[in-house]
Amino acid sequence: MIAIACTVTFVVTWTIAFNMYNNMIPVSERDEINSKMQEIDSFLRSNFLYHDEIDKEKLAYGIFSGYISGAGDKNMLYMTREEYANRLNIENGQIITPGIKAEKDGSDYIKVVEVYSGSDAENKAVLPGDIITSVDGSPVLEIGQDAAIKLIESGANPKVDVVIQREGEVIEYSLTRQPLPIVSVGSVVVNNVGFIRITDFSSATAGQFEAELNAMNSSGESGIRALIIDVRANSSDVYAPIPDMLGRLIGENTVAHTEHRGGLRKDFISTQDLRLLPDIPIVVLCDSGTSGAGELFAASLKLFGGAQIVGSKTAGNSYLQETQPLKDGSAIRVTVAKIVLAGELDYADTGLVPDYEVESAGDVSYNLETLSRAGDIEEISQVSDLQIRKAFEILETITTNVVEDD
């Protein structure tokens, strides 16, 4: 029955993709490609040593993802049923996870960089910095870092088994996946300067952002005198919370429209006056990982809020993608329009150039708790993150000049 189910899934997905392919490729080119595919398939069936061991699901994934990537747009992708379900959860502000965020660590293994609060990983004492050498019985050295991370983040099984190295000790964990709310906004106040970090965008981000702004503004007797917003490495393509978030800072504005095939224009980002803060200086931290919604957010604050950009040039991704679910539960995500700011600020493909270019000092790892212990600007000057230090330096100069002018 499992074999039959896999075969049916393969056939249905193949049929959908093949119909799309037929509609997009001219008949003459289609016949040429089909002929070549049949030639390749025939040779493999007759000569490939491991033909009987071909994983049909992997083959299907390779065909469909290859078709999408062949369009030449790095922002487009094919998602399996599991990947699409995971994306929907993220857009809705939750994640099904064993509680580990893992990244490449410069070696051939992967490293735990975050353990989510309330997760099974936290309950079983997995720690940031732990090195993962095996996932679900597959050594990371054999399957590769990307495949290992994917198994942890979007595997279909309710549990994931990992082998961890910690200070010479080898520890085995069996971790249960569970739904957890995504906390994508955090903040601290240092010397009456608010620092707010936005790691992602989802349906929950706008509410979290509002709560953090309110909390920061009520700190001290007069609230905050300036604001730093960190959207480094924020490459989300979920734009829904941005109008509300921008309205809290820049008031009512027509921010952006989209340009579609044939020159069709549509309104995209318009904000209402929902401001929570007085008119204070704003600095936005960006880097090459700032893309999509994070990039639009930063550019909008620069154009309509007078924000200064600190860091390195952004990704230059001002394009809108639309998700098309397929009948078998998988989906494709396709670029359908270019996002254009209402003012004279075009960063498409070139990236948003910072007002103050400061390269990262390499492997800078900070958290809000560490930053909160810096009680004044002199202590900030000891922070290892050069971009954060520059942001505070700029704001100190601006706010000092304002006080002297008054």
Side-chain angles (χ1 to χ4, degrees), residues 1-88 104 108-110 133-158 160-161 237 261 317 319 321-336:
M1 291 179 67
I2 293 174
I4 293 172
C6 290
T7 303
V8 170
T9 298
F10 174 77
V11 171
V12 170
T13 310
W14 168 261
T15 301
I16 294 168
F18 193 73
N19 287 338
M20 291 172 52
Y21 156 77
N22 283 339
N23 290 332
M24 294 180 67
I25 305 296
V27 174
S28 58
E29 295 180 26
R30 187 192 316 155
D31 291 342
E32 181 180 343
I33 293 172
N34 288 342
S35 175
K36 181 177 288 189
M37 283 295 296
Q38 290 172 3
E39 186 178 359
I40 292 171
D41 181 65
S42 176
F43 186 83
L44 287 179
R45 288 177 183 276
S46 301
N47 298 279
F48 180 37
L49 179 61
Y50 302 108
H51 179 268
D52 292 338
E53 299 176 21
I54 291 177
D55 186 317
K56 298 299 189 296
E57 289 189 6
K58 286 185 178 179
L59 179 62
Y61 184 87
I63 292 172
F64 308 139
S65 59
Y67 177 73
I68 292 294
S69 65
D73 188 334
K74 62 183 180 182
N75 298 310
M76 293 176 17
L77 72 157
Y78 166 75
M79 295 174 280
T80 64
R81 181 190 294 106
E82 293 79 15
E83 289 170 337
Y84 179 44
N86 188 52
R87 177 184 175 84
L88 290 177
K104 300 176 183 179
D108 292 325
Y109 297 113
I110 56 177
T133 61
S134 175
V135 181
D136 282 342
S138 300
V140 176
L141 291 178
E142 292 183 8
I143 63 175
Q145 294 168 307
D146 291 331
I149 292 171
K150 184 178 176 181
L151 275 176
I152 293 171
E153 292 181 345
S154 57
N157 296 327
V160 59
D161 297 326
D237 58 1
R261 289 172 60 175
N317 175 20
Y319 296 94
Q321 286 77 44
E322 181 178 311
T323 300
Q324 175 60 48
L326 305 179
K327 292 180 180 178
D328 69 335
S330 61
I332 55 174
R333 191 148 176 85
V334 178
T335 300
V336 295

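Side chains are part of it too, since the values below use all heavy atoms of this structure and drop only hydrogens, waters and symmetry mates. Note that this is a predicted model, so its numbers are computed, not measured.
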Undergrad: Give every residue pair that meets the ring pair (Phe, Tyr, Trp, His ring centres under 6.0 Å) criterion with at least one member in residues 37-62, sequence neighbours excluded.
TA: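 Non-adjacent pairs meeting ring pair (Phe, Tyr, Trp, His ring centres under 6.0 Å): Y61-Y78.
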Undergrad: Rounded to the nearest 0.5 Å, how far apart are CG of L44 and CG of L59?
TA: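 One finds 9.0 Å between CG of L44 and CG of L59.
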Undergrad: How close do M76 and V334 get, heavy atom to heavy atom, and via which atoms?
TA: CG-CA, 3.7 Å
Undergrad: After noting the C-alpha distance and the side-chain angles of L151 and I143, does the key distance pass the side chain to side chain contact (heavy atoms under 4.5 Å, CB included) rule?
TA: CA-CA 10 Å; L151 275 176; I143 63 175; 3.9 Å; yes
Undergrad: Go through the structure and list residues passing side-chain contact (heavy atoms from CB on, under 4.5 Å) with L49, not counting sequence neighbours.
TA: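 L49 satisfies side-chain contact (heavy atoms from CB on, under 4.5 Å) with no residue once adjacent residues are dropped.
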Undergrad: Search all heavy atoms of R81 against all heavy atoms of D328 and return the closest pair with its distance.
TA: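 For R81 and D328, the tightest heavy-atom pair comes out as NH2-O, 3.0 Å.
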Undergrad: Keeping the roles fixed (side chain from Q321, backbone from R333), state whether a donor-acceptor pair exists under 3.5 Å.
TA: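 Between the backbone of R333 and the side chain of Q321 there is no qualifying donor-acceptor contact (under 3.5 Å).
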Undergrad: Shortest non-hydrogen contact from S134 to V140?
TA: N-CG2, 3.8 Å
Undergrad: Once rounded to the nearest 0.5 Å, what's the spacing between atom NZ of K58 and atom CD1 of I63?
TA: 14.5 Å
Undergrad: Looking at every non-hydrogen atom in both residues, tell me the closest pair between Y84 and S330 and how far apart they are.
TA: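 Closest heavy-atom pair between Y84 and S330: CD2-O, 4.3 Å.
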Undergrad: Yes or no on side chain to side chain contact (heavy atoms under 4.5 Å, CB included) for D237 and N317, after CA distance, side-chain angles and deciding distance?
TA: CA-CA 10 Å; D237 58 1; N317 175 20; 5.8 Å; no
Undergrad: Indicate whether the side chain of T335 and that of D73 have a donor and an acceptor atom separated by less than 3.5 Å.
TA: yes
Undergrad: State which residues pass side-chain contact (heavy atoms from CB on, under 4.5 Å) with D41; sequence neighbours excluded, sorted by chain then number.
TA: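 D41 satisfies side-chain contact (heavy atoms from CB on, under 4.5 Å) with R45 only.
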Undergrad: Whether the side chain of S46 engages the backbone of S42 through a donor-acceptor N/O pair (distance < 3.5 Å, no angle test) should be reported.
TA: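 Confirmed, S46 side chain pairs with S42 backbone.
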Undergrad: Is there a donor-acceptor pair closer than 3.5 Å between any side-chain N or O of D136 and the backbone N or O of V160?
TA: no
Undergrad: Could you grab the distance from atom CD of E83 to atom OG of S65, nearest 0.5 Å is fine?
TA: 9.0 Å
Undergrad: List the atom of E322, the atom of V336, and the distance in Å for their closest heavy-atom pair.
TA: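 Shortest heavy-atom separation between E322 and V336 comes out as CB-CG1, 3.7 Å.
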Undergrad: Look up atom NZ in K150 and atom CD in E82, then write down how far apart they are to the nearest 0.5 Å.
TA: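 So the gap between those two atoms works out to 9.0 Å.
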Undergrad: Walk me through whether L77 and I332 qualify under side chain to side chain contact (heavy atoms under 4.5 Å, CB included).
TA: CA-CA 6 Å; L77 72 157; I332 55 174; over 6 Å; no
Undergrad: Mind listing the closest non-hydrogen atom pair of I149 and K104 along with its distance?
TA: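 It is CD1-N, 4.1 Å.
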Undergrad: So how far is it from M79 CE to Q324 CD, rounded to the nearest 0.5 Å?
TA: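 The CD atom of Q324 is 10.5 Å from CE of M79, to the nearest 0.5 Å.
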Undergrad: In Å and rounded to the nearest 0.5 Å, what is the OG1 to CG distance from T133 to D108?
TA: 12.0 Å
